[in-house]
Q: 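Can you read through this structure? Questions will come right after.
We're numbering straight along the sequence, starting at 1. The model shown is predicted, which means the values in this text are computed figures rather than measured ones.
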Amino acid sequence: MELRRRLTRTAMARPGVLLAVCPGATRERLAVEAELAQRGWRCVAVPAEADLLVIVGDRDAEESDWVANLWRAMPAPKSRVLLTNTDQVTETLDRGLAELRRGEPARTVGAPDGGQRRRDGSAGGPDQSGHTDHHDAHGGHESHDGHDGHDGHDGHAGHAGHQMDGGHHGHAGHDMGGVVDGLPMADRADDRDGLRLDRLHVPLGPCLPAWPAGLILRLTLQGDVVQQAGVEPLVPASPRPPFWNEPWLRAVAGERVTRGDAARRLCAAHLDSLGRFFAVAGWADMADRARHVRDRALAGADTAELSTLVRPLIRRAERSRTLRWLTAGLGPLPAEHARHLGVTGPALGADGDAYSRMLVWLDAVGRSAAACDGGGLLDGAEAVGPRGELDGPVPPSRALLDALPGLLEGAEFACARIIVASLDPDLDELAHVPAAGAAHD
């Protein structure tokens, strides 16, 4: 009981926040993340650590199965709120905290709240989260904690055990070879060495930390190797233009957009991608730094401040031998094959692996930070956003999603999220359905 009281007091002061972000809600996500950082509230990775569930973007998501599974997996006391407007971030978080402090009965989302784990560690029935323990595939990476200035690297938890099973986020029932007492079982098949190994069907997404909102990957694993990968975007139609592409889309529509504004958005977009990349590689300190500079760029910091902030970040990432060791060789995408798939932008220019794609982002961040105060108008013909060309037959992120299965197949499971993060497809691009006469936000 004493442990439970201490945990409750901690939650009241600094609640653990789990973000459930829907495609099309990038603007709202950024506003929530900035407010959480200002308050010092923790963004948690799994429902078991969460006190407050913040559903960002889509009202219909409140009643979706994946949100219901997140809610069931959260231990009491808990609260949830819906955010659909950036002007309501402060009010929404305050309301969620007030409900948590009042200890009001937890509201049900979707299916009834069956047994759940309590904060004192007692069991209230089976865990409904669908958790599939598949960690420590790269347990040896933990020995690299602290190398090359990776302070705060958390034993490479992001690589060896960064909750990549997807079941944490409500995918109970993985289409495996049967179900026993509510738990999916494996079937068997020949692996690449001709051995008969368990074959697991494991979904990732649509809601994981440092994960593209709305993306579901369905992986077939044998041992710790991805044998097959399927992409399943969860993208409700949205009339709002993709946040990261707005300057270029506005220029195409004939609006006056300065090159400085475009450079600022590009800088922030790549810093957002780098934040994901560092996070899944287990470098939490650098992920936080990248997001802080991103927020400063979006808040209008001038070139001098941004350049001062990005230079040490770029230098530290480029000099990290541990980061290179973790990410080099993962998801190689030669330029010729990328071009064949319709990939443009940084992934095409990198002409290489996950580490090469990160270096391209770093270079673009440095150049765009130096150009944020630039004048001159953006030419509507220069429709090239952070992920690539915007005037092609498909959105640039569609091509990135098409490339993913080939990059994942044959990779170790523990590397899957790093490969995804190194492409960082923006599903807002797929969700965008222009409305007649709609104005850009």
Side-chain angles (χ1 to χ4, degrees), residues 16-25 28-29 32 44-76 78-84 96 105-117 124-134 163-185 200-220 229-238 401 417 420 425 427-428 430-431:
V17 178
L18 182 66
L19 295 181
V21 184
C22 304
E28 289 78 10
R29 170 179 66 85
V32 171
V44 301
V46 293
E49 300 174 358
D51 309 298
L52 175 63
L53 175 63
V54 180
I55 307 162
V56 184
D58 187 2
R59 292 186 180 277
D60 293 337
E62 268 202 295
E63 304 304 324
S64 66
D65 289 342
W66 64 275
V67 169
N69 285 323
L70 287 178
W71 180 248
R72 283 197 301 268
M74 288 173 56
K78 58 184 177 179
S79 178
R80 67 175 174 89
V81 290
L82 171 68
L83 175 74
T84 59
R107 292 170 290 172
T108 299
V109 181
D113 203 9
Q116 64 186 14
R117 285 175 293 175
D127 183 359
Q128 300 293 322
S129 67
H131 179 183
T132 303
D133 283 322
H134 203 296
Q163 317 292 352
M164 293 190 297
D165 45 62
H168 279 298
H169 289 240
H171 293 290
H174 295 313
D175 302 324
M176 297 189 185
V179 176
V180 176
D181 196 22
L183 298 177
M185 304 299 291
L200 303 177
H201 301 277
V202 179
L204 301 183
C207 180
L208 289 168
W211 182 259
L215 175 61
I216 300 175
L217 289 183
R218 298 197 178 276
L219 306 181
T220 300
V231 174
E232 183 181 317
L234 183 66
V235 283
S238 171
L401 292 175
R417 287 195 63 188
V420 173
L427 274 68
D428 289 16
L430 280 63

Q: Which pair of non-hydrogen atoms, one from Arg218 and one from Pro203, has the smallest distance, and what is that distance?
A: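 Looking at all heavy atoms of both residues, the shortest contact is NH1-CB, 3.7 Å.
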
Q: When rounded to the nearest 0.5 angstrom, what distance separates CG in Leu19 from CG in Leu208?
A: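 Here the rounded value is 12.5 Å.
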
Q: Taking all heavy atoms of Ser79 and all of Gly96, pick out the closest pair and write down the distance.
A: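 Of all heavy-atom pairs spanning Ser79 and Gly96, the closest is OG-O, 3.3 Å.
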
Q: List the atom of Leu427, the atom of Ala213, and the distance in Å for their closest heavy-atom pair.
A: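 In terms of heavy atoms, the two residues are closest at CB-O, 3.5 Å.
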
Q: Sort out for me which residue in Leu430, Leu215, Asp428 forms a side chain to side chain contact (heavy atoms under 4.5 Å, CB included) with Pro23.
A: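 Filter result, single survivor: Asp428.
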
Q: Within this structure, what is the SG-CG distance for the pair Cys22 and Leu234, rounded to the nearest 0.5 Å?
A: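 Cys22 atom SG to Leu234 atom CG measures 8.0 Å (nearest 0.5 Å).
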
Q: Which residue in the set Val21, Leu83, Val54 passes side chain to side chain contact (heavy atoms under 4.5 Å, CB included) when paired with Arg29?
A: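 Testing Arg29 for a side chain to side chain contact (heavy atoms under 4.5 Å, CB included) against Val21, Leu83, Val54 leaves exactly one candidate, Val21.
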
Q: Quick one, Lys78 with Asp51, criterion side chain to side chain contact (heavy atoms under 4.5 Å, CB included). Give me CA distance, side-chain angles, the key distance, then yes/no.
A: CA-CA 5 Å; Lys78 58 184 177 179; Asp51 309 298; 6.0 Å; no

Q: Calculate, to the nearest 0.5 Å, the distance between atoms CG and CG belonging to Asp65 and Leu70 respectively.
A: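 Going from CG on Asp65 over to CG on Leu70, the span is 11.0 Å.
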
Q: So which heavy atom on Trp211 is nearest to which on Pro206, and how close?
A: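 Closest pair (atom of Trp211, atom of Pro206, distance): CD1-O, 3.7 Å.
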
Q: Check Trp71 against Arg80 and note the closest heavy-atom contact, atom names and distance.
A: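 Looks like CZ3-CB, 3.4 Å.
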
Q: Could you measure the distance from the CD1 atom of Ile55 to the OG1 atom of Thr84? Nearest 0.5 Å is fine.
A: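 One gets 11.0 Å once the value is rounded to the nearest 0.5 Å.
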
Q: Can you see which heavy atom on Met74 is nearest to which on Leu52, and at what distance?
A: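 Shortest heavy-atom contact: CE-N, 3.9 Å.
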
